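None of the values given here were measured: they were computed from a predicted structure. Positions are given from 1, in the same order as the sequence printed here.
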Amino acid sequence: MSKVEEVKEMLTDTVAKIYTTIKDNSIEVTKEKGQAPRVRNVRPTRHTIKWKAKNH
């Protein structure tokens with residue numbers, strides 16, 4: 001296997017691992033122009049609905 005193919009395979013595996021981690025843990029990554037990426041946990045929908053019902 002050539003170096004290019006090894007790097008492609010390694011990169012694909014890494015991206016797949018990051019995607020599944022983000023999906024499983026409900027993590028959101030946002031990137032705004034001129035700022036560093038921000039990572040935060042996403043609140044479950046039922047908490048948001050309960051919060052809105054209570055405060056509105």
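- Distance check, rounded to the nearest 0.5 Å: CD of Gln35 to OG1 of Thr30 gives 8.5 Å.
- Atom NZ of Lys31 is separated from atom CZ of Arg38 by 11.0 Å, given to the nearest 0.5 angstrom.
- Distance check, rounded to the nearest 0.5 Å: CE of Met10 to CD of Glu5 gives 12.5 Å.
- Separation of atoms CD (Glu9) and OG1 (Thr14) is listed at 10.5 Å; rounding is to 0.5 Å.
- Scanning for side-chain contact (heavy atoms from CB on, under 4.5 Å) contacts around Val4 gives Ser2, Lys8, with sequence neighbours left out.
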